[in-house]
Amino acid sequence: MAWTRLEPQEFVSNALTWRESIRAEGVVREPFDLPSAVVHEGDLGAVAALALTEDGHAGRAYNLNGPEALTTSARVAILSAALGREIAFEQIGGKAAIERMLREGVSRADAEYVVGWHADPPAEARIPEGTVERLLRRPARTFADWVTEHQDRY
């Protein structure tokens, strides 16, 4: 059986985890402020559909990331501007991030993996590669595009 492997890095929609702290306190707390080229879930779905419906993708692995590498604080600033209100970014320690995830029901192993990944994300997550643009023959959607589509959720 033929296969095509999609390897998305960090998802734009992870910003939804900030929703409650933004609503309650106007703040986003994360342990790191490193750049990540987050990928829009709609682009991921479009690439999946393409791989399933067009020839030429069998036996290929595609790293999927977004068109721009933005730090967490830069993403918060974009969200803040779109919502028209001040949202603060507070950097917390890795241990605090793990404890927060444990309170949310995430297993310790998964929490430690996620925080560890964000402490030192691979180059594939930090450097926009243009795979989405190449495959879809259109620009990949940006974090700002996603915020415009989902600002009512905040």
Side-chain angles (χ1 to χ4, degrees), residues 2-92 97 100-101 104 106 110-111 113-154:
W3 58 268
T4 304
R5 188 171 63 234
L6 304 183
E7 300 174 346
Q9 298 299 317
E10 187 175 3
F11 301 102
V12 163
S13 58
N14 287 347
L16 288 172
T17 63
W18 303 336
R19 185 172 43 191
E20 294 310 316
S21 67
I22 288 172
R23 285 179 180 169
E25 305 173 79
V27 66
V28 169
R29 292 180 184 90
E30 290 294 338
F32 309 105
D33 194 26
L34 301 171
S36 182
V38 292
V39 64
H40 190 293
E41 69 274 7
D43 288 343
L44 174 58
V47 170
L50 182 80
L52 290 168
T53 60
E54 286 189 1
D55 292 333
H57 302 286
R60 312 259 337 245
Y62 297 121
N63 180 59
L64 301 176
N65 60 22
E68 56 193 351
L70 298 170
T71 61
T72 305
S73 58
R75 284 181 269 156
V76 170
I78 290 168
L79 189 53
S80 182
L83 296 177
R85 62 188 170 107
E86 184 65 31
I87 301 170
F89 169 69
E90 291 181 14
Q91 199 162 346
I92 60 173
R100 177 181 64 200
M101 292 176 78
E104 294 168 352
V106 175
D110 287 344
Y113 172 80
V114 168
V115 171
W117 186 92
H118 282 92
D120 187 23
E124 294 84 8
R126 290 181 280 110
I127 302 167
E129 293 183 355
T131 304
V132 169
E133 294 90 341
R134 236 180 0 269
L135 292 172
L136 300 180
R137 297 185 271 307
R138 64 158 173 79
R141 287 177 262 198
T142 65
F143 184 78
D145 294 334
W146 183 89
V147 167
T148 299
E149 296 165 6
H150 295 90
Q151 63 187 6
D152 62 321
R153 299 179 80 176
Y154 291 89

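Index from 1, following the sequence.
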Worksheet, complete the sentence: Heavy-atom closest pair (R126 atom, P35 atom, distance to 0.1 Å) is CG-O, 3.3 Å
Worksheet item: Which heavy atom of A37 sits nearest a heavy atom of N65, and at what distance?
Response: O-CB, 3.1 Å
Worksheet item: Does any donor atom in the side chain of H40 or E149 lie under 3.5 Å from an acceptor atom in the other side chain?
Response: yes
Worksheet item: Any side-chain heavy atom of Y62 sitting closer than 4.5 Å to one from P8?
Response: no
Worksheet item: Hey, what do you get for OG1 (T72) to CD (E10), rounding to the nearest 0.5 Å?
Response: 7.0 Å
Worksheet entry | Salt-bridge present (R75, D33; N to O < 4.0 Å) | no
Item to complete: Check step by step if side-chain contact (heavy atoms from CB on, under 4.5 Å) holds for V39 and V12.
Response: CA-CA 5 Å; V39 64; V12 163; 5.7 Å; no
Worksheet entry | Pairwise distance CG(L70) to OG1(T142) - rounded to 0.5 angstrom | 8.5 Å
Discussion item. Tell me whether R19 at atom CZ has more than 12 heavy atoms from other residues, nucleotides or ligands lying less than 6.0 Å away.
Written reply: yes
Discussion item. Could you measure the distance from the OG atom of S36 to the CD atom of E124? Nearest 0.5 Å is fine.
Written reply: 11.5 Å
Worksheet item: Between E25 and R29, is a salt bridge (charged side-chain N to carboxylate O under 4.0 Å, His left out) present by the stated rule, with each step listed?
Response: CA-CA 11 Å; E25 305 173 79; R29 292 180 184 90; 2.9 Å; yes
Practice prompt. Kindly give the heavy-atom pair with the smallest separation between Q91 and P31, and that separation in Å.
Written response: NE2-O, 3.1 Å
Worksheet, complete the sentence: In terms of heavy-atom contacts, R138 and A46 come closest through NH2-CB, 4.1 Å
Discussion item. Side chains of E7 and N63: any donor to acceptor distance under 3.5 Å?
Written reply: no
Worksheet entry | Residue pair I22, R85: steps toward the side-chain contact (heavy atoms from CB on, under 4.5 Å) verdict | CA-CA 10 Å; I22 288 172; R85 62 188 170 107; 3.3 Å; yes
Item to complete: Mind listing the closest non-hydrogen atom pair of A119 and P121 along with its distance?
Response: C-CD, 3.7 Å
Practice prompt. Examine the side chains of T148 and D145 and answer whether a donor and an acceptor come within less than 3.5 Å of each other.
Written response: no
Discussion item. As a quick check of understanding, evaluate side-chain contact (heavy atoms from CB on, under 4.5 Å) for L16 and R153, giving each step before the final call.
Written reply: CA-CA 8 Å; L16 288 172; R153 299 179 80 176; 3.6 Å; yes
Worksheet item: Above 12 or not: heavy atoms from other molecules or residues under 6.0 Å from CG of D55?
Response: no
Worksheet entry | E90 side, atom CD; I87 side, atom CD1 - distance, nearest 0.5 Å | 12.5 Å
Item to complete: State, with a plain yes or no, whether a side-chain heavy atom of V47 is found less than 4.5 Å away from one of L64.
Response: yes
Item to complete: Keeping the roles fixed (side chain from T4, backbone from R60), state whether a donor-acceptor pair exists under 3.5 Å.
Response: no
Discussion item. What verdict does the side-chain contact (heavy atoms from CB on, under 4.5 Å) test give for M101 and D110, after you've listed the backbone C-alpha separation in whole Å, the side-chain angles of each residue and the deciding distance to 0.1 Å?
Written reply: CA-CA 9 Å; M101 292 176 78; D110 287 344; over 6 Å; no
Worksheet item: Just how far is it from atom NE2 of H57 to atom CH2 of W3, taken to the nearest 0.5 Å?
Response: 13.0 Å
Worksheet item: What class does the angle between the rings of Y154 and W146 fall in, given that below 30° is parallel, 30 to 60° is tilted and above 60° is perpendicular?
Response: perpendicular
Response to the item:
Interatomic distance, NE2@H118 vs CG@N14, rounded to 0.5 Å, equals 6.0 Å
Worksheet item: According to the interplanar angle, ranging from 0 to 90°, do the rings of F143 and W18 count as parallel (below 30°), tilted (30 to 60°) or perpendicular (above 60°)?
Response: tilted
Discussion item. Could you report the tightest heavy-atom contact between I92 and R100, atom names first, then the distance?
Written reply: CD1-NH1, 3.9 Å
Worksheet entry | Close side-chain approach of L44 to L6, heavy-atom, < 4.5 Å | yes
